[in-house]
Number of protein chains: 2
Amino acid sequence: MTELDKFDRRILAILQVDGRVSTVELAERVGLSPTTTGERLRRLQKDGYITGFGARLDPHRLGFGLLVFVEVLLDKTTPDVFDKFAQAVRDMPEVLECHMVAGGFDYLVKTRVADMASYRRFLGDILLSLPGVRETRTYAVMEEVKNDSPLPL
Amino acid sequence: MTELDKFDRRILAILQVDGRVSTVELAERVGLSPTTTGERLRRLQKDGYITGFGARLDPHRLGFGLLVFVEVLLDKTTPDVFDKFAQAVRDMPEVLECHMVAGGFDYLVKTRVADMASYRRFLGDILLSLPGVRETRTYAVMEEVKNDSPLPL
DNA sequence: CCTGAAAATACCTAGAG
DNA sequence: CTCTAGGTATTTTCAGG
């Protein structure tokens, strides 16, 4: 678990984009033998650099035409509003991301829904019904300029 | 390219989480034969439902300890500021996501950097040096409550 | 859509540099 | 720590029903 050398970074960079390459092809693209490459790959997983593999899906083709960001402000009078909100959000399948931020609001929520009507339901029935939610600001995405870019290794 | 049935959705759901399962294991988990499953998988890729496969990496272990969101407001006097900004952002490896939004600002930028000093450099030397950037608001993430959640198929 | 085979490919171990 | 090489196990693929 010391440090990553040039080959490790190369492996990670390739795997970020082509998650399904075989060990032999990966080996020739990084310039090592399949055996060594396989060992490095296993080590990178064991040490937690690689947390998993997944397919990239096209949200628009799957009925998620609308991407929305929501800024959430909480009522900080109750003690454990933050934990409660965080746990509730983790259980919502519509929420793809949620981050606690420092600045003008408390949480930034990223969600994908079918359309504005669906989002209206999500906001009213689910998000605003949570205890402690004092205010929300909705920002609908008009154009996804860049999305799911790989980490610059 | 008609519609997705229950099996297709099951395949996509599994592949989102386990992008490297073999066709035979995928087959027994969805309850079809390997042959049929392989054909469906190929079709889902050809029709664009699956856009690719990738490894999920741990940003914190790779030197990206700080996640930051930036709201950007543009100077709308020049005609093509939007296109210029969008193209510049696409070429920045530090920027993981960028979306044009409707509401109080123009673009929402998601970036990962090593620390606050790195972000300071990114903001001053790169983002603010772009023509047409009138104002930015920075929100540093204190806790990543939820991240890269799969689409709820 | 399934079964059953063949063909290809992958992984794993052993042993040398 | 890395490579070469062979044997083993899987997987994929292509028949035909």
Side-chain angles (χ1 to χ4, degrees), chain A residues 1-64 148 150-153, chain B residues 1-65 114 148 150-153:
Chain A
M1 223 225 311
T2 94
E3 258 310 312
L4 298 180
D5 64 9
K6 186 179 63 175
F7 293 114
D8 291 320
R9 287 183 197 285
R10 196 84 197 280
I11 290 174
L12 293 176
I14 293 173
L15 252 34
Q16 266 195 115
V17 182
D18 279 358
R20 271 202 148 187
V21 285
S22 65
T23 307
V24 289
E25 185 184 337
L26 187 62
E28 53 193 35
R29 283 173 67 179
V30 301
L32 290 175
S33 78
T35 308
T36 312
T37 307
E39 283 171 7
R40 283 177 183 260
L41 174 54
R42 199 176 358 267
R43 183 174 52 78
L44 288 168
Q45 291 188 259
K46 183 177 63 63
D47 292 347
Y49 294 100
I50 300 173
T51 60
F53 294 88
R56 281 187 292 273
L57 307 186
D58 183 346
H60 297 279
R61 242 177 249 250
L62 292 165
F64 299 95
D148 279 323
L151 290 174
L153 299 172
Chain B
M1 216 217 321
T2 95
E3 259 310 313
L4 299 180
D5 63 10
K6 186 180 61 176
F7 293 113
D8 291 320
R9 288 184 198 286
R10 195 84 200 280
I11 289 174
L12 293 175
I14 293 173
L15 253 35
Q16 267 194 115
V17 182
D18 279 358
R20 271 201 148 188
V21 286
S22 65
T23 306
V24 290
E25 185 185 337
L26 188 61
E28 53 193 36
R29 283 172 67 178
V30 301
L32 290 174
S33 77
T35 308
T36 313
T37 307
E39 283 172 5
R40 281 176 182 261
L41 174 54
R42 199 173 6 261
R43 183 175 53 76
L44 289 168
Q45 291 187 257
K46 182 177 61 65
D47 292 348
Y49 294 100
I50 299 174
T51 61
F53 293 88
R56 281 186 294 272
L57 306 186
D58 184 347
H60 297 279
R61 242 178 249 251
L62 291 164
F64 300 94
D148 280 323
L151 290 174
L153 299 172

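Every value quoted in this text rests on a predicted model; they were computed, and no experiment measured them. Here is how names work: the chains are called A, B, and so on, in the same order as the sequence lines, proteins then strands, and each is numbered from 1.
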Notebook entry, point to check: Which heavy-atom pair separates A:P34 from A:T23 by the least distance, and what is that distance?
Noted result: O-CG2, 3.5 Å
Notebook entry, point to check: Of all heavy-atom pairs between B:L57 and B:P59, which one has the smallest distance, and what is that distance?
Noted result: O-CD, 3.2 Å
Checklist line | Inter-residue atom distance A:R9.CZ - A:L151.CG, 0.5 Å rounding | finding: 11.5 Å
Check: Would you say B:L12 and B:L15 make side-chain contact, with heavy atoms under 4.5 Å?
Finding: no
Check: Does A:R40 put a side-chain nitrogen or oxygen below 4.0 Å from OP1 or OP2 of D:dT2?
Finding: yes
Next item on the list: Please determine if B:R61 and A:D47 form a salt bridge, counting it only when a charged side-chain N lies under 4.0 Å from a carboxylate O.
Entry: no
Notebook entry, point to check: How far does the helix from C:dC1-D:dG17 to C:dG17-D:dC1 bend, going by the axes of its first and last five pairs, to the nearest 10°?
Noted result: 30°
Got a list of protein N/O to nucleotides 14-17 of chain D N/O distances below 3.5 Å?
unit_1: D:dC14; atom_1: N4; unit_2: B:T35; atom_2: OG1; d: 3.3

Checklist line | Phosphate contact (C:dC12 OP1 or OP2) by A:R42 side-chain N/O below 4.0 Å | finding: yes
Check: Tell me, which of residues 12-34 of chain B have any heavy atom that sits under 4.0 Å from an atom in DNA chain D?
Finding: B:S22, B:T23, B:V24
Notebook entry, point to check: Just how far, in rounded Å, is P of D:dT12 from CG of B:L41?
Noted result: 9 Å
Next item on the list: Would you name the heavy atoms of A:I50 and B:A55 that are closest together and state the gap between them?
Entry: CG2-CB, 4.2 Å
Note to self: Could you report the tightest heavy-atom contact between B:R56 and B:V17, atom names first, then the distance?
What the structure shows: NH2-O, 2.9 Å
Notebook entry, point to check: Of the non-hydrogen atoms in A:V21 and B:R20, which two are nearest, and what is the gap between them?
Noted result: O-NH2, 2.7 Å
Check: Below 4.5 Å, heavy atoms only, C-beta onward: do A:R40 and A:V30 meet side chain to side chain?
Finding: no
Check: Just how far, in rounded Å, is P of D:dT2 from CZ of A:F7?
Finding: 9 Å
Next item on the list: Please examine the side chains of A:L153 and A:L4, heavy atoms only from C-beta on, and report whether any two atoms are closer than 4.5 Å.
Entry: no
Item checked: side chain to side chain contact (heavy atoms under 4.5 Å, CB included) assessment of B:R29 paired with B:D18 -> CA-CA 12 Å; B:R29 283 172 67 178; B:D18 279 358; 3.4 Å; yes
Checklist line | Along DNA chain C (nearest heavy atom to each residue), the more 5'-positioned of A:E39 and B:E39 | finding: B:E39
